[in-house]
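These notes concern the structure reproduced below.
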Amino acid sequence: MLFSRALIPTVKEAPQDAANASHVMLTRGGFIRRVGAGMYDYLPLGLRVLRKVESIVREEMDRAGALEILMPALLPAEYFKETGRWDRFGDTLFRLKDRKGSEFLLGPTHEEIVTDIARREIKSYRDMPKNLYQIQSKFRDEPRPRGGLLRCREFIMKDAYSFDADEAGAKASYEKMRVAYCRVFDRMGLTYRMVAADSGAMGGSTSAEFQVLADSGEDAIVACGACDYAANVEVATVKAPPAAAAGTQEPRAEVHTPKHGTIDEVTAFLGVTKDKMLKSLLYAAGDQVVMAVVRGDHDVNEILLARALGLSEVFLASEADVKKATGADVGFAGPVGFTGKLLVDRAASVVVNGVAGANKTDTHFKGVNRGRDFEGDVVDIRLAATGDICPKCEKGALQSYRGIEAGHIFILGTHYSEKMRALFSGEGQEQKPVVMGCYGIGVSRLVATAIEQHNDADGIRWPMSLAPYHVALVTLGKDQAVADAGKKLYDELWAMGVEVLWDDRDERPGVKFKDADLIGLPLRVTIGGKGLAGGNIELKPRTEPDPKKAEFVPVADAARVIAARVKSLLS
RNA sequence: CGGGGAGUAGCACAGACCGGUAGUGCGCAAGCUUUGGGUGCUUGAGAUCGCGGGUUCAAAUCCCGCCUCCCCGACCA
């Protein structure tokens, strides 16, 4: 592609609203333009990257034996009513009506529709396993679209669905997808972790997220430094602390702590460390108010807390509810004498001579010990953090990371097949629901995710497998010999299968170099009058910041050397 | 949905408090200049000041209503 004939509208200034690297660079580099909140144009460069992501995903799905199909994005409401998701999806669903007033939706995901295919076409255990996938636009009315392509209302997703005759078959299908996903992310040159995750509304028995590590990620994950344990912090647990040391228990004593309600204030006032504090938080859980106690240096994990209570969610109690439940102002709640349901984190349960609120305004207790001063149910309800010991190997220390969820795989079981009567005949003529799995990859999100992980101050550093073109060819000056050499190399490289973007514009060198860095093609070939007079062109990887370290390659060898370099970076 | 912020030329912004000829930089067009990291100079085109209403002789500016967008949080296969 000739730059002079392309549509690559680079701009110097970042859009005022962009807050992360990928949004800034995709916009500045002329890859995308915003059309509305969470809606983007893909300009030619952006579309080429999107297509590369799609190709890799498609190749790996096909390799894993999945079959590509395409379902409509516009869907009749009846399918979602059949499974109850028409109501359960709430405001996230884009709903619309046709001219006759019939209800429709724009598909946020396609379990119902693919299950409809299954119930019509899969009649026997002999028809399975099957895995159907599509790459398609999805629509979700997100409460808050953000981050450019990272969270859109219309986005492109690969969604795959497996159908098996039994749980063991489903596990095998799931495992195939896991391997395929690893290949996808490996080929894209991404650093990622497969983590245990909350199954959420899908209610599956087994699920894992593929988290691409990036400081700008929305998700917090922890991973063990010694074994393969990794989990979304939502569901991460930690090794149980040692049983209480048989230390001497001080008598419990009331202390006056006027206006000192926070952990920081109380520890400073009483001269104790945070791990001696019994942080007591009140939650609205269903129709009751429960108290959750964790150590002062720990935080409550609300998802674990909700699970421990058998609920889907809990909310921090209002100030009024706290006062009603404890009889004290916020900041002075504690387990001693609390009459409601009491949950105590494992680590907090073994604190000896702790400090806790006395359920009396401006008052705390010292010398609080579980077993003597209070009871409560001991559960794991705290957030894992860096330094905690791994729950799996019980040796390694956990490390916290930020991640971007780029893929999620589930075993769904028979949730949808039962509701929609997707039944098949087993070997003994019995009718059984198919066992399903579902597997998503955020294709358009990956375009942005790759940049979040691969960029520097000057712009993007595309991995070769995702770059819109393999090589940026920059010719300098108006010298005809340079232009001729550029044209020759350009033609040779394309003939060898190398995708070249030739900056043939009548621009000064600085402009071309800046744009090349911004667009971020992995290899840059420069042809200038001086170098050419010496019989050389220059070759520099985008990852090399120092232009002086460019490699000189004889003109005669250039095409061959460059093509070989591209090939090695692709494998 | 809660909190905060912003809508003025293609982009980034000033002007608003204190009403009176709509401005700057980048980009765009033309000319000269320059040519290995966003060259310098000159000239020019380009705006229903988000929308609707109100106050006023006069509204980008003051008042009322609405819309859109962004950030933090909640939310989120």
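Proteins come first, then strands; the chains are lettered A, B, ... in the order of their sequence lines, and each starts at number 1. All figures in this text were calculated on a predicted structure; none of them were measured in a lab.
- What you find for A:I135 and A:E68 is that their closest heavy atoms are N-OE2, 4.4 Å.
- Annotation: B:C67 and B:G52 have their C1' atoms spaced 10 Å apart (nearest Å).
- Nucleotides B:G19 and B:C13 place their P atoms 27 Å apart, quoted to the nearest Å.
- A salt bridge between A:D164 and A:K171 is absent, with no side-chain N of the basic residue lying under 4.0 Å from a carboxylate O of the acidic one.
- Spacing between B:A12 and B:U8 at atom C1', rounded to whole Å, works out to 12 Å.
- Straight-line distance between the P atoms of B:C17 and B:U61: roughly 9 Å, to the nearest whole Å.
- Under the 30°/60° scheme for interplanar angles, the aromatic rings of A:Y40 and A:H23 are found to stand perpendicular.
- At a threshold of 4.0 angstrom between heavy atoms, the contacts of A:D517 include nucleobase atoms, whether or not backbone atoms are also involved.
- Put simply, CG on A:D503 is 15 Å from P on B:G37, counting in whole angstrom units.
- A:P547 comes within 4.0 angstrom of a nucleotide base, judged by non-hydrogen atoms across all strands.
- As the counterpart of B:C17, no nucleotide is assigned, since no Watson-Crick or G-U wobble pattern has both distances under 3.5 Å.
- A:E418 and A:T414 share a donor-acceptor pair across their side chains, judged by distance under 3.5 Å alone.
- Comparing the P positions of B:A16 and B:A22 gives a spacing of 16 Å, expressed to the nearest Å.
- The gap from the C1' atom of B:C49 to that of B:U68 amounts to 16 Å, rounded to the nearest Å.
- Distances were taken from every side-chain heavy atom of A:V511 (C-beta onward) to each of B:U39, B:A77, B:G27; the shortest belongs to B:U39.
- Below 30°, between 30° and 60°, or above 60°: for A:F185 and A:Y181 the angle between ring planes is above 60°, a perpendicular geometry.
- Summary of the strand contacts: A:R34 and A:T10 both lie near RNA chain B, and taking for each the nucleotide with the nearest heavy atom, the more 5' one is attributed to A:T10.
- The side chain of A:E538 lies closest to B:G36 when the candidates are B:G36, B:G37, B:G38.
- Defined by atom type and a distance below 3.5 Å, a donor-acceptor pair is missing between the side-chain atoms of A:Y192 and A:Q453.
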Just the table, please: protein N/O against nucleotides 11-15 of chain B N/O, every pair under 3.5 Å.
{"unit_1": "B:A12", "atom_1": "OP1", "unit_2": "A:Q16", "atom_2": "N", "d": "3.3"}
{"unit_1": "B:A12", "atom_1": "O2'", "unit_2": "A:E13", "atom_2": "OE1", "d": "3.2"}

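- Ring geometry for A:Y174 against A:Y439 counts as tilted: the plane angle lies between 30° and 60°, on a 0 to 90° scale.
- Comparing B:U39, B:C69, B:C71 by their closest approach to the side chain of A:A19 singles out B:C71.
- Listed nucleotides: B:G37, B:C71, B:A77. Nearest to the side chain of A:T109: B:A77.
- For A:R144, whose side chain is taken as the heavy atoms from C-beta onward, the closest listed nucleotide among B:G36, B:G73, B:C76 is B:G73.
- Side-chain atoms of A:N20 and A:S216 form no donor-acceptor pair, as typed in the model, at a separation below 3.5 Å.
- When each of B:G27, B:G37, B:G36 is scored by its nearest atom to the side-chain atoms of A:K514, the top-ranked nucleotide is B:G37.
- The stretch residues 469-488 of chain A touches RNA chain B through A:L476, A:K478, each having a heavy atom under 4.0 angstrom from the strand.
- Across all strands shown, B:A6 forms a Watson-Crick or G-U wobble pair, both distances under 3.5 Å, with B:U68.
- Residues A:R153 and A:P145 approach most closely at CG-CG, 3.6 Å, considering heavy atoms.
- Separating the C1' atom of B:A58 from that of B:G44 is a span of 32 Å, rounded to the nearest Å.
- Listed nucleotides: B:A77, B:C75, B:G36. Nearest to the side chain of A:P143: B:C75.
- A:V114 is not listed as a side-chain neighbour of A:Y416, based on a closest heavy-atom distance of 4.5 Å or more.
- Regarding contacts with the backbone of B:C76, every side-chain N or O of A:R140 stays at 4.0 angstrom or more from both OP1 and OP2.
- In terms of phosphate contacts, A:R151 brings no side-chain nitrogen or oxygen within less than 4.0 Å of OP1 or OP2 of B:C76.
- Residue A:R508 places no side-chain N or O under 4.0 Å from the OP1 or OP2 atom of B:G38.
- If you check B:C69, B:G27, B:G37 against the side chain of A:P509, the one that comes closest is B:G37.
- Comparing the same atom, C1', in B:A45 and in B:A59 gives a spacing of 28 Å after rounding to whole Å.
- Side-chain contact, A:E234 with A:N301: no donor N or O sits under 3.5 Å from an acceptor N or O.
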